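Let me begin by presenting the structure, written as C-alpha cells, before commenting on it.
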Number of protein chains: 2
Amino acid sequence: MSQLPRSPAKPRAFEAIVSHVETRVLSGELKVGDRLPGERELVTQFQVGRSTVREAMRVLESNGLIASRPGDPRGALVLSPSPAPLGKLITHLTHTSASSLVDLLIYRMTLESSANSLAAIRRSDADLVQLERTITLMGTARPQGQAAFSRADLDFHEVVAKASGHTLLHISAAAVRQSIEQLIARTIEESSDDEALMARTIEHHQKVFNAIRDRDAHLAEHLARSSLFEYYAHLVPADQRDALAALASFGSPDSV
Amino acid sequence: MSQLPRSPAKPRAFEAIVSHVETRVLSGELKVGDRLPGERELVTQFQVGRSTVREAMRVLESNGLIASRPGDPRGALVLSPSPAPLGKLITHLTHTSASSLVDLLIYRMTLESSANSLAAIRRSDADLVQLERTITLMGTARPQGQAAFSRADLDFHEVVAKASGHTLLHISAAAVRQSIEQLIARTIEESSDDEALMARTIEHHQKVFNAIRDRDAHLAEHLARSSLFEYYAHLVPADQRDALAALASFGSPDSV
DNA sequence: AGATGGCTACTGGTCTGACCAGTAACTGTC
DNA sequence: GACAGTTACTGGTCAGACCAGTAGCCATCT
C-alpha cells in the first residue's frame with residue numbers, strides 16, 4: 001500500500017541512539033549548550049560500532065539538534081532551535097512542487113501578521129529602539145538598489161518577529177521568509193529597482209512601527225497583511241491572487 | 001559570534017554527496033521512483049569510503065528524500081515529497097521551544113484560522129461532505145465523554161485544514177494540535193465532562209461549516225479564532241489570557 | 001604573578017576490509 | 001509456463017587504522 005516501509009519492520013541500530021538523544025532533549029534532560037559524550041564513549045554506552053554512532057550523529061545534526069566540530073574534545077554541542085533545518089525542508093517541499101509561491105506567501109502572511117500582533121502586545125522598549133534602527137537602515141539601503149533594500153526589509157520583519165517573544169512564530173517565520181527569498185531569487189533574476197515601491201514600503205513599516213509602539217495589536221496585524229500583499233502581489237499569477245487578497249483583507253478596518 | 005560554525009570552514013566529504021543528490025532531485029534529473037546507485041558504486045563514483053557514503057544516505061533519508069531497504073539490489077529509492085519530516089521537525093520545535101500553553105494556542109489559532117479562511121475559498125464539494133460527517137460524529141461521540149468528544153473535535157479541525165489545500169498549513173497545524181493535546185493531557189488528567197461546552201462547540205462547528213460552504217473566508221477565519229478561544233481559554237492563566245484574546249478578537253465583525 | 005607559546009592527548013572525519021541477514025533475479029525442474 | 005531453490009548481490013553493522021585539528025596543560029619568558 002504505502003511506498004514507505006512499515007515502521008515495525010526494521011529497527012536499525014542507529015535509530016535507537018537518535019531517539020534516545022531526541023527524548024533526552026525533549027524531556028529537558030539535555031539543555032542547550034550541553035555536550036554529548038564523545039563518539040567513542042557512545043560506542044561503549046550503546047554497544048555499537050562507531051559508524052553506527054556516526055550515522056546517528058548525522059541524523060541528529062541534519063535535524064538541527066546538535067553540531068560537532070572536529071578536534072573538539074568536549075563532544076557534540078546541543079543546539080538551540082534554529083530556523084535553518086525547517087527552512088531547508090520547506091524550500092525542498094516547495095521546489096518539488098508540493099506547494100507554490102502563493103502558498104508560501106499565504107503561510108508567511110499568516111505567521112507574520114500574528115507575530116506583529118503579538119509584538120504590539122509584548123514588545124519591550126529595547127525592541128522599539130531596534131525596530132527604529134532597522135527602518136533607518138532601510139532608508140540608507142534604498143539608494144543601493146533592490147537587493148540591499150530587500151535585505152534591510154527582511155531584517156525589519158525579523159526584528160518584529162523576535163519582538164513577539166514567541167519562539168515558534170519567530171523561527172518558523174524566518175524559515176518561510178528564507179524559502180520565499182530563495183524561490184523568487186531563482187524566478188526573477190534581478191527585479192529592477194522600484195523607487196516608488198521602496199518608498200511605500202518604508203512608509204508601511206513606519207506605520208507598523210507606530211502601531212507596535214502604541215500597542216495596537218489589531219492595527220499591527222492588519223498592516224502586516226496589507227503590506228506583505230502589496231510587496232509581493234505582483235509576483236503572483238493573477239488567477240491565484242484572490243486567495244492571497246482574501247487573507248490580506250481580513251481584519252481590514254474598511255472591509256466590514 | 002555565532003554559535004554555529006561558519007559554513008566555509010569545513011567542507012565534509014559526505015556533504016558533497018548530499019548536495020549532489022539534492023541538486024539532482026530538485027532539478028528533476030532524479031524523479032520520484034528512480035533509484036540511486038548502490039552504496040558501493042557511489043564509493044567509486046565519489047572516490048570516498050563507504051562510511052562516508054552511508055552518512056550522506058542517512059542525511060538524505062532523514063530529510064525524506066530517499067529510502068533504502070537492506071537486501072534490495074536496486075539501490076535507494078527516490079521518494080515523493082512527503083510532509084512527514086516537516087511534521088517531525090515542527091513537533092520537535094513545539095516541544096522544545098514551547099514556552100507555554102498560551103504560545104502553543106496562539107500558534108494554533110494563527111495556523112488554523114488561516115486554514116479555515118483558505119478552506120472557504122478552495123474547498124471542494126467532497127470536502128463539504130466529509131466536514132458534515134465529522135460534525136455528526138461529534139454528536140455521536142458526545143455522550144461517550146470528554147475524551148471521545150475531543151477526538152472528534154480534533155478530527156473536524158483536521159478535515160478543515162486538509163480542505164484548505166495548503167500542505168504546509170495542514171501539516172504544521174496537525175503537529176501543533178498534537179503537541180497541545182499532549183501538553184494538556186499531561187497538565188490535566190481528565191477534565192470532567194462539560195455538556196454545555198460540548199453543545200456550544202458543535203454549534204460553533206456548524207457555523208464554521210456554513211461559512212466554508214458559503215465561501216465566506218472572513219467569517220470562517222474569525223469563527224476559527226473565537227471558537228478556539230472559547231474552547232481553551234479556561235486552561236490559560238488569567239494574566240496571559242489577554243494576548244490570546246487579542247488574537248481571537250481580530251477580525252471580529254463587532255470589534256471595529 | 002601573569003602572559004605566552006609549544007606540547008600532548010584526545011577529538012571528529014575518513015578509509016579499508018570484513019561479516020551478516022535479507023532480497024531480486026536467475027536457475028533448473030516439473 | 002508456473003514454481004521453488006540457488007546465487008550473487010544488497011544494505012546494516014562492526015573493528016581497527018590513520019589523519020588533521022583542537023583544548024588544555026605546562027614550561028617558559030617577561
Side-chain angles (χ1 to χ4, degrees), chain A residues 1-21 25 30 33-79, chain B residues 1-21 25 30 33-79:
Chain A
M1 199 120 291
S2 167
Q3 84 174 285
L4 292 167
R6 22 245 153 308
S7 29
K10 37 155 191 173
R12 291 181 285 185
F14 75 88
E15 286 169 348
I17 306 182
V18 169
S19 63
H20 178 261
V21 173
V25 168
L30 276 174
D34 283 357
R35 299 282 181 168
L36 256 48
E39 294 182 358
R40 284 159 177 92
E41 193 182 324
L42 289 173
V43 166
T44 73
Q45 235 173 63
F46 285 91
Q47 292 290 323
V48 295
R50 190 147 91 96
S51 53
T52 300
V53 169
R54 303 208 93 244
E55 294 187 25
M57 302 301 267
R58 287 296 84 73
V59 173
L60 291 169
E61 188 179 283
S62 141
N63 287 13
L65 279 186
I66 64 170
S68 33
R69 255 182 6 186
D72 191 335
R74 293 171 304 182
L77 180 67
V78 177
L79 295 179
Chain B
M1 203 119 295
S2 165
Q3 83 174 286
L4 292 167
R6 23 244 152 312
S7 28
K10 36 154 194 176
R12 291 182 285 186
F14 76 88
E15 286 169 349
I17 307 181
V18 169
S19 62
H20 178 261
V21 173
V25 168
L30 275 172
D34 283 357
R35 300 282 181 168
L36 256 47
E39 296 182 356
R40 284 161 178 89
E41 193 181 327
L42 288 174
V43 166
T44 74
Q45 235 173 62
F46 286 90
Q47 292 290 320
V48 295
R50 190 148 90 98
S51 53
T52 300
V53 168
R54 303 209 91 244
E55 295 187 24
M57 303 300 267
R58 287 296 83 75
V59 172
L60 290 169
E61 187 179 282
S62 141
N63 287 13
L65 280 186
I66 64 169
S68 34
R69 256 182 5 188
D72 191 334
R74 294 171 302 181
L77 179 68
V78 176
L79 295 180

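Order of the sequence lines fixes the chain letters, A, B, ..., with proteins taken first and strands second; residue numbering starts at 1 for each chain. Worth knowing before you read on, the calculation uses all heavy atoms, side chains too, and leaves out hydrogens, waters and symmetry mates. What you see is a predicted model; the values in this text were computed from it and never measured.
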Inset, instruction - Nearest 0.5 Å please: distance from the OG1 atom of A:Thr52 over to the CZ atom of A:Arg12. - result: 11.0 Å

Inset, instruction - Could you check whether B:Glu15 gets within reach of a base, just the sugar-phosphate, or nothing at all, counting any heavy atom under 4.0 Å? - result: nothing

Legend entry - Nucleotide nearest B:Arg50 when distance is taken to its side chain, options C:dT23, C:dA18, C:dT14: C:dA18

Inset, instruction - Between A:Gly49 and B:Gly75, just flag the one whose closest nucleotide in DNA chain D comes earlier from the 5' side. - result: B:Gly75

Legend entry - B:Val78/B:Arg35 under side-chain contact (heavy atoms from CB on, under 4.5 Å): CA gap, chis, key distance, verdict: CA-CA 6 Å; B:Val78 176; B:Arg35 300 282 181 168; over 6 Å; no

Inset, instruction - With side-chain contact (heavy atoms from CB on, under 4.5 Å) as the test, would you mind laying out the steps for A:Leu42 and A:Gln45 before giving the verdict? - result: CA-CA 5 Å; A:Leu42 289 173; A:Gln45 235 173 63; 3.9 Å; yes

Legend entry - Whole angstrom value for the distance that separates C1' of D:dG12 from CD1 of A:Ile17: 13 Å

Inset, instruction - Kindly say if B:Thr52 contacts the phosphate of C:dG13, meaning a side-chain N or O under 4.0 Å from OP1 or OP2. - result: no

Legend entry - Passing candidate, side-chain hydrogen bond (donor to acceptor under 3.5 Å, both in side chains) with B:Ser68, options B:Glu61, B:Arg54, B:Arg74: B:Glu61

Legend entry - Comparing B:Asp72 and A:Ser51 on DNA chain C - which has the more 5′ nearest nucleotide: A:Ser51

Inset, instruction - Could you tell me the separation between the CG atom of B:Leu77 and the C1' atom of C:dA24, rounded to a whole number of Å? - result: 15 Å

Inset, instruction - Check DNA chain D against residues 37-46 of chain B and give the residues with a non-hydrogen atom under 4.0 Å, in numerical order. - result: B:Gly38, B:Glu39, B:Arg40

Inset, instruction - Round to the nearest Å and state the distance from A:Glu55 atom CD to C:dG12 atom C1'. - result: 16 Å

Legend entry - C:dG12 phosphate, OP1 or OP2, under 4.0 Å from B:Arg12 side-chain N/O: no

Inset, instruction - Return no unless some side-chain N or O of A:Arg69 is found under 4.0 Å from OP1 or OP2 of D:dA23. - result: yes

Legend entry - Lys/Arg-Asp/Glu bridge criterion (N-O < 4.0 Å) met for B:Glu55, B:Arg58: no

Inset, instruction - Looking at every strand, decide which applies to A:Gly71 at a 4.0 Å heavy-atom threshold: base, sugar-phosphate, or nothing. - result: base

Legend entry - Whole-Å distance separating the CE atom of B:Met57 from the P atom of D:dT13: 14 Å

Inset, instruction - Report the nucleotide, chosen from D:dT22, C:dT23, D:dG12, that has the shortest atom-to-atom distance to any side-chain atom of B:Pro70. - result: D:dG12

Inset, instruction - Would you classify B:Arg35 as touching base, sugar-phosphate or nothing, given that sugar-phosphate means primed atoms plus P, OP1 and OP2, and contacts are heavy atoms under 4.0 Å? - result: nothing

Inset, instruction - Specify the separation, in whole Å, of atom CZ of B:Arg54 and atom P of D:dG11. - result: 8 Å

Inset, instruction - With rounding to the nearest 0.5 Å, note down the distance linking CG in A:Leu79 to CG in A:Leu60. - result: 10.5 Å

Legend entry - Residue B:Val48, side-chain atoms from C-beta onward, closest of C:dC15, D:dG11, C:dT14: C:dC15

Inset, instruction - Looking only at side-chain atoms of A:Ser68, point me to the closest of C:dA24, C:dG12, C:dT14. - result: C:dG12

Legend entry - pair B:Leu65-B:Val18: side-chain heavy atoms closer than 4.5 Å: no

